[in-house]
Undergrad: 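My questions all concern the structure below.
Below, read A as the first sequence line, B as the second, and so on, with proteins coming before strands; counting in each chain starts at 1. The structure displayed is predicted, hence computed values, not measured ones.
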There are 4 protein chains.
Amino acid sequence: MSGNSFGLLYCVTSFGESHGPAYGGVVDGCPPGLQLNAEDIQKELDRRKPGSSRHVTQRRETDTVEILSGVYEGRTTGTAIGFLIRNEDQRSKDYSAIAEKFRPGHADYTYWQKYGMRDARGGGRASARETVVRVAAGAIAKKWLKERYGVSVRGYLAQLGRIKLAFSSWAEVEGNPFFAPDAKVVPQLEKFMDELRESGDSCGARVNVVASGVPVGWGEPVYGRLDADIAGAMMSINAVKGVEIGAGFAAIEQKGSEHGDEMTPQGFVSNNNGGVLGGISTGQDVTVSLALKPTSSIRVPRRTIDVRGNPATIETTGRHDPCVGIRATPIAEAMLACVLIDHALRHRAQCADVAPPTKVVNPKKIN
Amino acid sequence: MSGNSFGLLYCVTSFGESHGPAYGGVVDGCPPGLQLNAEDIQKELDRRKPGSSRHVTQRRETDTVEILSGVYEGRTTGTAIGFLIRNEDQRSKDYSAIAEKFRPGHADYTYWQKYGMRDARGGGRASARETVVRVAAGAIAKKWLKERYGVSVRGYLAQLGRIKLAFSSWAEVEGNPFFAPDAKVVPQLEKFMDELRESGDSCGARVNVVASGVPVGWGEPVYGRLDADIAGAMMSINAVKGVEIGAGFAAIEQKGSEHGDEMTPQGFVSNNNGGVLGGISTGQDVTVSLALKPTSSIRVPRRTIDVRGNPATIETTGRHDPCVGIRATPIAEAMLACVLIDHALRHRAQCADVAPPTKVVNPKKIN
Amino acid sequence: MSGNSFGLLYCVTSFGESHGPAYGGVVDGCPPGLQLNAEDIQKELDRRKPGSSRHVTQRRETDTVEILSGVYEGRTTGTAIGFLIRNEDQRSKDYSAIAEKFRPGHADYTYWQKYGMRDARGGGRASARETVVRVAAGAIAKKWLKERYGVSVRGYLAQLGRIKLAFSSWAEVEGNPFFAPDAKVVPQLEKFMDELRESGDSCGARVNVVASGVPVGWGEPVYGRLDADIAGAMMSINAVKGVEIGAGFAAIEQKGSEHGDEMTPQGFVSNNNGGVLGGISTGQDVTVSLALKPTSSIRVPRRTIDVRGNPATIETTGRHDPCVGIRATPIAEAMLACVLIDHALRHRAQCADVAPPTKVVNPKKIN
Amino acid sequence: MSGNSFGLLYCVTSFGESHGPAYGGVVDGCPPGLQLNAEDIQKELDRRKPGSSRHVTQRRETDTVEILSGVYEGRTTGTAIGFLIRNEDQRSKDYSAIAEKFRPGHADYTYWQKYGMRDARGGGRASARETVVRVAAGAIAKKWLKERYGVSVRGYLAQLGRIKLAFSSWAEVEGNPFFAPDAKVVPQLEKFMDELRESGDSCGARVNVVASGVPVGWGEPVYGRLDADIAGAMMSINAVKGVEIGAGFAAIEQKGSEHGDEMTPQGFVSNNNGGVLGGISTGQDVTVSLALKPTSSIRVPRRTIDVRGNPATIETTGRHDPCVGIRATPIAEAMLACVLIDHALRHRAQCADVAPPTKVVNPKKIN
């Protein structure tokens with residue numbers, strides 16, 4: 001399996017470039033009988049859509065999805081679900097100025113070296129616009145997880161540049177264009193973004209994702225751990241430079257007597273492990289945190305080289321997100337959902353006949 | 001491919017339990033013609049071996065490897081390399097006290113729920129002793145990477161509990177049982193570990209791993225990114241809770257004008273991206289950082305439940321590492337090496353005919 | 001990887017149903033730099049196209065392919081190649097009569113049982129119209145194999161019902177709608193097909209496929225044998241019930257002194273093994289032979305049951321190939337080409353550094 | 001996944017060479033809770049064991065299996081099952097005469113070309129002795145299939161050279177060293193083999209394998225068809241040159257009105273399709289037939305070349321099966337069982353929630 005597919009049983013294949021005719025994907029392995037229509041996917045795509053506020057790229061795309069297969073009379077058939085999202089607002093001329101130079105921090109240089117050529121229009125295959133496919137595949141995964149196992153996968157912006165956001169409530173997350181979990185901080189975010197945009201620079205972000213209702217038992221030791229697959233999936237998102245599960249890097253400074261989550265008949269009393277022990281879900285919330293680097297396409301002039309190896313200066317105009325983290329929440333949710341459904345299927349393949357010996361109830365809610 | 005194998009072309013399969021007769025593995029896909037004997041593997045196993053200082057588990061294992069196939073007249077044949085490491089010092093009775101209870105922070109509970117049973121002796125399959133297989137597979141990968149491409153994969157302890165270690169030199173790393181990159185800090189580490197062991201508690205750690213000499217071009221967009229596969233591989237190591245590439249979580253607070261690594265005809269001037277852009281290696285050092293949680297098996301009494309769901313107290317005696325991070329350096333190196341060889345092979349499969357259009361030379365050393 | 005993808009490094013993913021909006025596919029892993037346009041694919045699709053003679057289904061489809069990604073300025077970029085073929089001539093009402101009954105010999109019954117539902121229009125996902133995707137993927141594979149290694153992949157109809165066709169020349173194969181390798185036999189085939197169609201019945205066929213110019217060394221022991229992957233790929237074609245490599249079933253009655261292909265400095269003197277020994281190509285022609293069963297959709301009344309389990313009679317009107325074997329030649333070629341490119345890539349991944357120790361030249365041409 | 005592993009969820013990895021220290025394997029993905037001990041595997045190995053009659057190789061191997069992991073207190077744990085079979089009777093000097101020449105029909109030449117070297121002792125990795133691993137993995141698969149789903153996987157010798165064997169009863173198959181399904185023909189087989197051995201030549205064979213009790217619904221369209229995976233698995237067995245499912249090549253001359261298996265409320269009335277329609281099991285017997293070529297290692301002198309490309313004559317003494325088909329029955333059963341368990345797991349992963357809408361009962365027994 002080459003690099004444009006992921007998942008063992010819920011297998012997502014992606015294609016498309018920023019300025020090509022379309023993006024599309026294939027979801028293979030979805031269980032049959034799931035009620036599904038384009039609107040189920042569209043509503044997730046709309047959460048990721050560009051142009052929804054002044055703080056993100058102004059490229060105008062409706063991101064309208066067309067389901068091409070795998071659904072019959074409103075239900076999944078169990079065969080491959082193909083879907084298509086046409087590009088509508090390519091402006092390839094925006095890129096002529098940078099086609100022969102490499103943006104610092106961007107994949108321009110590495111694609112060119114690897115393949116001996118590159119599609120410079122909008123980053124080509126390296127564009128974060130590819131995440132539209134992930135969100136579509138994740139929408140199907142989320143729906144099945146919710147209906148079959150009651151699993152919710154939700155995320156929020158936890159940090160924007162130096163501004164840390166405390167979690168207030170899930171309800172607030174959907175009420176603002178930042179996926180901020182606290183409405184009160186939104187004006188501060190807007191001010192920060194306005195100044196950033198003005199300066200022509202970009203910033204990084206942290207996104208947290210949480211899956212609630214995951215049953216105990218999903219995940220496969222030793223290499224196929226649930227958390228290993230989550231880490232790989234998250235790091236495959238454009239701009240992600242770090243992934244934490246549970247306590248993450250804070251675990252370094254914890255003592256074992258502090259980190260290890262105690263258990264009582266009422267459930268776990270903490271969730272430092274982020275819902276995964278030994279690579280297998282515990283029944284607690286699965287908690288994941290991502291670091292996203294600042295966007296590479298900025299108006300601030302930077303030193304680089306051109307395709308002949310000569311020194312050059314580059315500044316990227318055109319339409320870009322000054323912080324890719326703002327739209328990353330639905331993407332991270334989608335990736336977590338895809339990993340979870342894959343492991344749900346893998347688990348029941350091997351362990352369908354296991355009668356779980358007991359159940360620890362009511363794990364303490366952490367988020 | 002189920003959970004006990006990893007790698008697409010350099011495929012490692014692992015088996016064994018802490019108190020079973022043996023660990024072993026199969027490396028499939030190794031290029032033919034590599035000079036290889038047991039000693040090449042043994043020297044890496046010896047770096048990971050238990051009992052090498054008072055700061056790690058006192059279980060006495062020689063970890064002697066036997067190569068069973070795939071090598072003929074001192075060279076790899078291109079067929080599957082099978083190898084075996086017999087367990088020699090099982091003390092299963094150590095575990096009778098905890099067989100019916102679940103250690104907080106350990107996989108005891110999740111294995112039992114997933115499979116309906118568990119091998120409680122030494123953690124069974126969940127024991128970090130499984131990493132002996134990773135180190136053996138990584139030894140072969142390292143040797144090939146070094147001989148074929150001049151790639152070095154090295155790591156060091158970067159933090160022990162709250163003690164942060166500055167990098168001094170690679171030479172110092174091998175001269176102490178902590179893989180500390182600065183000999184001067186060793187007495188402080190020893191004092192800290194002696195006190196920790198005395199207290200019956202455990203601590204976390206940070207390990208950094210660096211691959212030098214990686215050519216530009218390894219890694220596959222979109223999901224098969226080099227950094228995505230590294231993240232997955234690292235998170236699959238026992239006790240790892242976080243992974244960073246390059247600037248990692250520090251990228252959140254960076255501006256784009258700070259993070260994006262500028263290029264000159266002399267090379268990149270910084271390495272915030274950790275040697276990977278768009279999922280493809282840049283030719284710079286690949287830099288990875290891991291968070292390891294504190295060991296779950298501690299003597300400090302903790303609340304838990306038993307297999308019947310009743311409240312209980314547990315304290316784990318027996319032989320355990322008070323900090324698994326101390327022996328994690330060779331393991332992390334092995335995983336990085338395995339991912340790199342896999343992508344080296346994948347890259348030349350697809351791109352063997354690409355004449356790289358130019359080369360940015362002398363990337364600045366960052367470590 | 002679920003059932004709608006195949007290939008390890010040249011990975012083909014397929015979607016679409018007979019009466020859905022479109023078929024499409026993704027080819028992942030194609031080497032970069034290959035000149036490719038829609039016409040390269042279209043000419044192979046046209047060979048498989050329905051309605052090209054009175055002896056095949058009269059469904060009117062232009063099978064026009066649209067390349068959606070992976071090609072930039074006329075060359076493959078190394079990223080995923082997505083393509084789309086819209087359905088144009090669905091007549092779903094043709095199927096209302098059989099929607100609640102199961103055609104003997106068809107997948108109607110098994111899909112319904114497996115998935116709890118089925119798309120009865122034109123066989124849904126089970127329709128042989130899916131092979132349009134294979135032919136498109138194979139067209140790319142063929143072009144690369146030809147340009148990079150000089151490999152030709154060609155096939156012909158070797159038997160139609162009881163009429164056996166002797167090979168005359170490759171030139172004649174393309175000059176008739178049967179892919180018959182001898183123009184003289186075409187009138188006999190036409191007469192046979194006219195009578196068959198008249199009778200409302202169908203017949204089976206044999207197709208032979210040959211790859212010439214395959215270098216020695218492609219294929220991986222033990223399970224990943226070249227012939228094993230060929231057999232799997234061929235048996236995955238609709239209606240195929242048997243696969244032979246080289247002498248095939250005739251090998252049963254051969255003696256070892258007859259079967260084993262002798263070698264001289266001028267090459268092999270025979271090709272009973274069909275170009276594969278120990279799962280690895282020998283450098284001779286790779287020869288494959290397929291048995292295709294007669295079409296299940298026939299006008300002859302047959303006993304069956306309905307969805308409630310009651311006895312019923314079924315006769316299938318509508319538009320069907322009375323012999324699927326007639327259009328199978330380009331499909332079988334495509335599958336062979338896809339397996340070959342996959343193994344070409346796999347071989348150079350592992351063995352790029354092997355200097356082949358010697359070469360047996362001029363293997364005798366067999367076909 | 002490289003060539004020494006097969007299976008998506010029930011994944012078998014194999015290693016070992018004919019004259020190396022040992023063969024071994026890893027079965028990953030076996031459901032937990034299956035009662036399993038070495039004797040369960042040993043009894044299948046004993047059926048394949050060399051030296052059991054004068055008609056097979058006289059190499060003396062007890063083929064004693066040691067289970068190294070994955071079983072605890074007599075039950076599978078759900079983790080990787082490692083096992084080892086030491087070689088005991090290597091006579092490498094037997095091969096010095098042929099180390100620099102290539103046996104016609106053998107993998108000698110192709111391994112040497114592919115890898116630039118070969119282990120000439122006993123065929124190295126290409127030796128059919130590798131099938132010991134398949135039989136061990138198949139023994140576990142068979143046991144689970146029988147206990148969980150009531151599936152029986154059985155085979156018999158259907159043709160030896162020109163002698164065709166009619167099926168009489170399963171009971172007779174185990175009562176003679178040929179796996180002949182009719183005891184009366186055994187003297188004829190013995191006479192034939194004695195003459196063949198005398199002549200220094202070898203012969204081919206046909207083996208039939210049947211799986212009874214397979215539920216309807218196993219198998220994945222389009223490429224992951226049950227019959228496609230069976231064909232691939234069978235063709236991966238040493239010496240196999242052809243595979244048929246159901247009517248196989250006889251389907252070429254059948255009419256649709258003859259081939260398509262009619263259905264009644266009492267079940268299918270015939271089984272031309274061999275228990276698979278559209279790649280999915282029908283609930284009937286799954287019937288597979290294999291062609292095995294004659295052994296390449298014969299005493300009859302043959303033309304060949306040496307490693308320098310010079311003409312040479314070769315005759316192979318040493319210990320060889322004059323007909324590999326004689327011991328192939330347990331191997332073919334094992335491969336079929338491994339494919340079936342893999343698809344059993346895959347099916348319940350995706351379709352665990354499907355309530356099969358109806359059931360066709362009492363399919364007519366066909367074998």
Undergrad: Given that the side chain runs from C-beta out, which part of B:Asp261 has a heavy atom under 4.5 Å from chain A: side chain, backbone, both or neither?
TA: backbone
Undergrad: Salt-bridged, B:Arg103 to B:Asp108, with N to O below 4.0 Å?
TA: yes
Undergrad: Among B:Ile298, B:Asp201, B:Leu292, which residue has the highest count of heavy-atom pairs closer than 4.5 Å to chain A?
TA: B:Asp201
Undergrad: Could you tell me if the ring centre of A:Phe268 sits under 6.0 Å from that of B:Phe102?
TA: no
Undergrad: Answer with side chain, backbone, both or neither: which region of B:Ser281 has an atom nearer than 4.5 Å to a non-hydrogen atom of chain A?
TA: backbone
Undergrad: For chain A, which of B:Gly242, B:Ser236, B:Ala233, B:Gly224 has the most heavy-atom pairs under 4.5 Å?
TA: B:Ser236
Undergrad: Does the gap between the ring centers of A:Tyr23 and A:Phe15 come in under 6.0 Å?
TA: no
Undergrad: Would you call the rings of A:Phe249 and B:Phe249 parallel, tilted or perpendicular, taking 30° and 60° as the class edges?
TA: perpendicular
Undergrad: Heavy-atom distance under 4.5 Å to chain B: side chain of A:Ser257, backbone, both or neither?
TA: both
Undergrad: Quick one: are A:Pro294 and B:Lys255 in side-chain contact, heavy atoms under 4.5 Å?
TA: no
Undergrad: Pick one of side chain, backbone, both or neither for A:Leu196, based on which atoms fall under 4.5 Å of a heavy atom in chain B.
TA: side chain
Undergrad: By a 4.5 Å heavy-atom criterion (distance strictly below it), what part of B:Val222 contacts chain A: side chain, backbone, both, or neither?
TA: both
